[in-house]
Amino acid sequence: MGARLRVFLTPEQDQTLLNLRKQDVPQKVKDRAEIIRLNAHGWYVEKIADHFDCHKKTVTKVLHQWQKLGTEGLWESPGREGKPKWLEDDMIFLEECLRNEPRTYNSSQLALKLKTERNVEMSADRLRRVLKKGVDWKRTRKSHKGKQDPVARANKQADLDMLELAAATGEIDLKYLDESGFCMWSEPSYTYYFRGEQKRLEQTKRRGRRLSIIGLLQPLISFVYGLVIGGVDRKSYIEMMEKEAKQAQETGRISVIVQDNGPIHRCQEVQQLWKKWESQGLYIFFLPKYCSEMNPIELEWQHLKKDELSGQAFDDELDLAYAVINGVQARGKKTITTHIV
């Protein structure tokens, strides 16, 4: 076994390295200065490596650089391990682009944007490592908030708060109505799988017809829904509303249905039934345009698609319907009672 690597410092050199800890220099320079001082004070290479949580070769290289170059060896040499070409302002620029621009970016596109608009060359791989400090790679969501009327939304929200308060005290039954749809082919999503392999979902021979659902959610109490092949038309909507109006009339309780401004909700045939429904105790509360987030049933659709159905492909519409029913029941066990009509 060869002799252990050891450096020796004069009192002046030791003080110079100690002073670097208080100066405005890169952290790597401070760490290298401390490595040299610790070795000079009797620490072995292995102990220093454990202290800084680095490899022994890193410590050895620092000591050899000191013996060869002195204080110059503390700083990065130009070239491959030179100072980064990007600045903090460049990362702030990218963060502002991610936050404010109406589009999505991957690391290659961000690297190209840095090059074209900031004249900073950076590989996509390097950029991903830098962005990990404050930015995650995640899915995006569609939004219509830019089209919302803030005054109309605030007014409707105040009215909805009053309705929710009345429902909480038992004065009315407040329910939320909406429609959604499902396909036999699910969009590929993330999954756990074996390293070095990629999971593939075989598509069925045909895409099949769309399966639509119309639902009435009474939070923490019930979820009534119906399934149809194709889209939900005004006939299906009127049928569900007629049942709700009949139930309101039989129980003698006022029922308020919260819904959006979909075409089937405001068609001429439906408008002619509004007075009849109101005479039976059923009232409709329309949400403002482009404010789907005000309807909690939207979250149920999202959970149903993301948690219960995502990553699956179905042979036919019947299999898809059973999967939707099972998914709704699974959601119901967590929060509410479900009924299919």
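Under a 4.0 Å N-O distance rule, the pair R331/E308 does not qualify as a salt bridge. In summary, K275 and E278 do not engage in a salt bridge, as defined by a charged side-chain N under 4.0 Å from a carboxylate O.
A cation-pi geometry, defined here as NZ or CZ lying under 6.0 Å from the six-membered ring centre and within 45° of its normal, holds between K156 and F285.
Within a 6.0 Å radius of CZ in R118, other residues, nucleotides and ligands contribute more than 12 heavy atoms. Other residues, nucleotides and ligands place no more than 12 heavy atoms under 6.0 Å from the CZ atom of R99. Annotation for Y105: atom OH counts as buried by contact number, over 12 foreign heavy atoms lying within 6.0 Å. More than 12 heavy-atom neighbours from other residues, nucleotides or ligands sit within 6.0 angstrom of OH on Y283. Applying the 6.0 Å contact sphere to CG of N100 captures more than 12 heavy atoms from other residues, nucleotides or ligands.
Using a 4.5 Å heavy-atom threshold, the side chains of L174 and Q218 count as separate. Within the 4.5 Å cutoff, no side-chain heavy atoms of V59 are placed close to those of W43. Q67 has its side chain out of reach of L63: every pair of non-hydrogen atoms, C-beta onward, lies at least 4.5 Å apart. K175 places none of its side-chain heavy atoms less than 4.5 Å from the side chain of I221. Within the 4.5 Å cutoff, side-chain heavy atoms of W277 are placed close to those of E242. At least one side-chain heavy atom of L17 sits under 4.5 Å from a side-chain heavy atom of W66. The side-chain heavy atoms of K147 and K289, taken from C-beta on, include no pair separated by under 4.5 Å. Proximity of E179 to I264: side-chain heavy atoms (C-beta onward) are separated by under 4.5 Å at one or more points.
For the pair R6 (side chain) and N39 (backbone), a donor-acceptor distance under 3.5 Å is present. In this structure, D173 contributes its side chain and R253 its backbone to no donor-acceptor pair below 3.5 Å. Side-chain N or O atoms of Q13 include one that pairs as donor or acceptor with a backbone N or O of T10 at under 3.5 Å. Side-chain N or O atoms of S212 include none that pairs as donor or acceptor with a backbone N or O of V228 at under 3.5 Å. Of the possible polar contacts, one joining the R32 side chain to the L74 backbone as a donor-acceptor pair under 3.5 Å is found. Formation of a donor-acceptor pair under 3.5 Å by the T16 side chain with backbone atoms of E12 is found in this model. In terms of modelled atom types and a separation under 3.5 Å, the side chain of N295 and the main chain of L177 share a donor-acceptor contact. With hydrogens and angles disregarded, a donor-acceptor distance shorter than 3.5 Å links the side chain of N19 to the backbone of Q15. Side-chain atoms of T58 never come within 3.5 Å of backbone atoms of C54 as a donor-acceptor pair (strictly under, hydrogens ignored). Here the side chain of N326 pairs a donor or acceptor atom with the backbone of Y322 at under 3.5 angstrom.
Put simply, CG on D14 and CD1 on I36 are 10.5 Å apart, with the number rounded to the nearest 0.5 Å. The CG atom of L309 lies 5.0 Å from the CG atom of L304; values are rounded to the nearest 0.5 Å. Within the model, atoms NE2 of H51 and CD of E46 stand 15.0 Å from one another, a figure rounded to the nearest 0.5 Å. Taken from CD in Q23 to NZ in K30, the straight-line distance is 8.5 Å, to the nearest 0.5 Å. A distance of 8.5 Å separates CG of D90 from CE of M122, quoted to the nearest 0.5 Å. Atom-to-atom distance recorded for L287:CG and Y176:OH is 8.5 Å, nearest 0.5 angstrom.
Residues satisfying the side-chain contact (heavy atoms from CB on, under 4.5 Å) criterion with R266, sequence neighbours excluded, are N261, Q271, W274, F286. Every residue two or more places apart in sequence or in another chain that forms a side-chain hydrogen bond (donor to acceptor under 3.5 Å, both in side chains) with D233 is listed here: S236. Remark: E117 engages K113 in a salt bridge (charged side-chain N to carboxylate O under 4.0 Å, His left out) (not counting sequence neighbours). Listed by chain and number, the residues in a side-chain hydrogen bond (donor to acceptor under 3.5 Å, both in side chains) with K305 are S180 (sequence neighbours excluded). Residues that satisfy the side-chain hydrogen bond (donor to acceptor under 3.5 Å, both in side chains) test with E171, not counting sequence neighbours, are T169. Looking at residues two or more places apart in sequence or on another chain, you find a ring pair (Phe, Tyr, Trp, His ring centres under 6.0 Å) between Y237 and H265.
Heavy-atom minimum distance, Q280 versus A245: OE1-CB, 3.3 Å. Scanning both residues, F314 and C183, for their nearest heavy atoms gives CD1-O, 4.4 Å. A pairwise comparison of heavy atoms in A111 and S123 identifies CB-C, 4.5 Å as the closest pair. The shortest heavy-atom contact between M241 and L282 is O-CD2, 3.5 Å.
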Notebook entry, point to check: Given D178 and L216, is the side-chain contact (heavy atoms from CB on, under 4.5 Å) satisfied, shown in steps?
Noted result: CA-CA 7 Å; D178 194 39; L216 269 173; over 6 Å; no
Item checked: Trace of the salt bridge (charged side-chain N to carboxylate O under 4.0 Å, His left out) decision for R153 with D149 -> CA-CA 6 Å; R153 189 190 189 284; D149 182 340; over 6 Å; no
Next item on the list: For side-chain contact (heavy atoms from CB on, under 4.5 Å), just list the numbers for Q312 and M184, CA-CA rounded to whole Å, side-chain angles, deciding distance to a tenth of an Å, and then say yes or no.
Entry: CA-CA 8 Å; Q312 301 181 58; M184 289 165 50; over 6 Å; no
Notebook entry, point to check: Please walk me through it: do K47 and D50 pass salt bridge (charged side-chain N to carboxylate O under 4.0 Å, His left out)?
Noted result: CA-CA 5 Å; K47 185 177 180 180; D50 289 339; over 6 Å; no
Item checked: From CA spacing to verdict: side-chain contact (heavy atoms from CB on, under 4.5 Å), L131, R128 -> CA-CA 5 Å; L131 289 176; R128 281 194 296 270; 5.9 Å; no
Next item on the list: Determine, step by step, whether I297 and F223 satisfy the side-chain contact (heavy atoms from CB on, under 4.5 Å) criterion, reporting the C-alpha distance in whole Å, the side-chain angles of both residues, the deciding distance to 0.1 Å, and the verdict.
Entry: CA-CA 9 Å; I297 199 174; F223 178 55; 3.7 Å; yes
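With no hydrogens or angles considered, a side-chain donor-acceptor pair links D31 and Q27 at under 3.5 Å. Q148 and E293 are linked by a side-chain donor-acceptor pair at a separation below 3.5 angstrom, with hydrogens and angles left out of the test.
V328 and I229 end up in the same hydrophobic cluster when Ile, Leu, Val, Met, Phe, Trp and Tyr side chains are linked at under 4.5 Å.
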